[in-house]
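Only one structure is covered here, and it is reproduced in the block below.
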Amino acid sequence: MMEIRSVGVSELGTLMTWRMIVLREVFDVPANDPMTALKAQNEAYYARHLADGSHIACFAVDEGEIVGCGGVCLYDEMPSPDNPNGRCAYLMNIYVLPSRRKKGTGRQIVSWLVEQAKKRDVQKIYLEASKPAIPLYESMGFAPMVDFFHLP
């Protein structure tokens, strides 16, 4: 039976293994690139933000095997009419092993992360989506955001 469970600093090594898998796939990083500096920055991020509660990470576990992961960054922005308390959640690092996709695992991870954000009174929840994941997010009620730009 599938379980989504929280991941703490005590599992930093396993969490980093999964983070590197995600980065390699999403950014098409070659297997021979050790990503040493990026890995160190990610380790420092997790150590700091898991400890202070501003990041929540999870694993999807099926019969003792980790088959997916996800995370949510929690932060404040200036309150506005569309987000009166200013609490925000950015879902990220959502990943399911290729052999386990299309079986509801991603949906369970996202639902768990959204629930964690809502427990913390977050009113604005967003994410970036890969093209294959867009139907999942749309089916869960996420809508495209417009009028956003970034400075490369």
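Hydrogens, waters and symmetry mates are skipped; everything else that's a heavy atom, side chains included, is used.
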I'd like to know if the side chain of Arg24 and the backbone of Pro30 have a donor-acceptor N/O pair within less than 3.5 Å. yes
Here the gap from Thr105 atom OG1 to Ile94 atom CD1, rounded to the nearest 0.5 Å, amounts to 12.5 Å
Side-chain touch Val29/Leu38, heavy atoms, less than 4.5 angstrom: no
With no hydrogens and no angle check, just 3.5 Å: does a side-chain donor-acceptor pair link Arg107 and Ser139? yes
Shortest non-hydrogen contact from Ile4 toward Ala60: CD1-CB, 3.6 Å
Answer whether the closest heavy-atom distance between the side chains of Asn83 and Cys88 falls below 4.5 Å. yes
Before you tell me yes or no, could you show the steps for Phe59 and Ser6 under side chain to side chain contact (heavy atoms under 4.5 Å, CB included), namely the whole-Å CA-CA distance, both residues' side-chain angles and the distance that decides it to 0.1 Å? CA-CA 7 Å; Phe59 285 142; Ser6 183; over 6 Å; no
Should Met16 and Leu50 be regarded as members of a common hydrophobic cluster, given that ILVMFWY residues are connected when their side-chain heavy atoms come within less than 4.5 Å of each other, either directly or indirectly? yes
From CA spacing to verdict: side chain to side chain contact (heavy atoms under 4.5 Å, CB included), Arg87, Asp76: CA-CA 5 Å; Arg87 298 290 299 144; Asp76 294 323; 2.5 Å; yes
Lys102 side chain to Pro98 backbone, donor-acceptor under 3.5 Å: no
Report yes if the side chains of Leu113 and Cys58 come closer than 4.5 Å at any heavy-atom pair, otherwise no. yes
Under 4.5 Å between side-chain heavy atoms, counting indirect links through other Ile/Leu/Val/Met/Phe/Trp/Tyr residues: same cluster for Phe27 and Trp18 or not? yes
In Å, rounded to the nearest 0.5 Å, how long is the span from CG of Leu12 to CZ of Arg19? 12.5 Å
Would you say CD of Glu115 has more than 12 non-hydrogen atoms from neighbouring residues, nucleotides or ligands within 6.0 angstrom? yes
Between Glu138 and Lys131, does at least one N-O distance fall below 4.0 Å, as a salt bridge requires? no
Looking at side-chain heavy atoms only, is the closest gap between Leu15 and Cys69 below 4.5 Å? no
Determine yes or no for a side-chain-to-main-chain donor-acceptor pair under 3.5 angstrom, with Asn85 supplying the side chain and Asp121 the backbone. yes
Exam field: side chain Arg101 to backbone Val96, donor-acceptor pair closer than 3.5 Å: yes
Would Val122 and Tyr90 show up in the same hydrophobic cluster when neighbours are defined by side-chain heavy atoms closer than 4.5 Å? no
Met2 vs Val61, test: side chain to side chain contact (heavy atoms under 4.5 Å, CB included). Steps then yes/no. CA-CA 6 Å; Met2 183 70 60; Val61 181; 5.9 Å; no
Kindly work out whether a path of hydrophobic side-chain contacts (I/L/V/M/F/W/Y, heavy atoms less than 4.5 Å apart) joins Ile66 to Met20. yes
For Ala47 and Ala51, work out which heavy atoms get closest and say how close. O-CB, 3.2 Å
Let me confirm one number: the CD1-CG distance from Ile56 to Leu91, rounded to the nearest 0.5 Å. 10.0 Å
Leu136 versus Gly106, closest heavy-atom pair with distance: CD2-C, 4.0 Å
Report the distance from atom CZ of Phe148 to atom OH of Tyr126, rounding to the nearest 0.5 Å. 7.5 Å
Ionic contact status for Arg5 with Glu11, cut-off 4.0 Å: yes
If I take atom CG from residue Leu97 and atom CG from residue Asp62, how far apart are they, to the nearest 0.5 angstrom? 10.5 Å
Once ring-ring contact (aromatic ring centres under 6.0 Å, His included) is applied, do any residues pair with Tyr45, and if so which ones, sequence neighbours excluded? His49, His55
Hey, what do you get for CD (Gln41) to OH (Tyr46), rounding to the nearest 0.5 Å? 13.5 Å
Who are the side-chain hydrogen bond (donor to acceptor under 3.5 Å, both in side chains) partners of Gln108, not counting sequence neighbours? none
Minimal heavy-atom distance between Ala89 and Val72, with the atoms involved, is CB-CG2, 3.5 Å
Angle between ring planes, Phe142 versus Tyr137, binned at 30° and 60°: parallel, tilted or perpendicular? perpendicular
So do Glu65 and Arg100 actually touch side chain to side chain, heavy atoms under 4.5 Å? yes
Go through the steps for Asp82 and Lys124 under the test salt bridge (Lys or Arg N to Asp or Glu O under 4.0 Å), then give the verdict. CA-CA 8 Å; Asp82 69 338; Lys124 182 179 182 180; 5.1 Å; no
Flag yes if Ile109 and Ile125 sit in one hydrophobic cluster, no otherwise; membership is Ile, Leu, Val, Met, Phe, Trp, Tyr, and two members link when side-chain heavy atoms are under 4.5 Å apart. yes
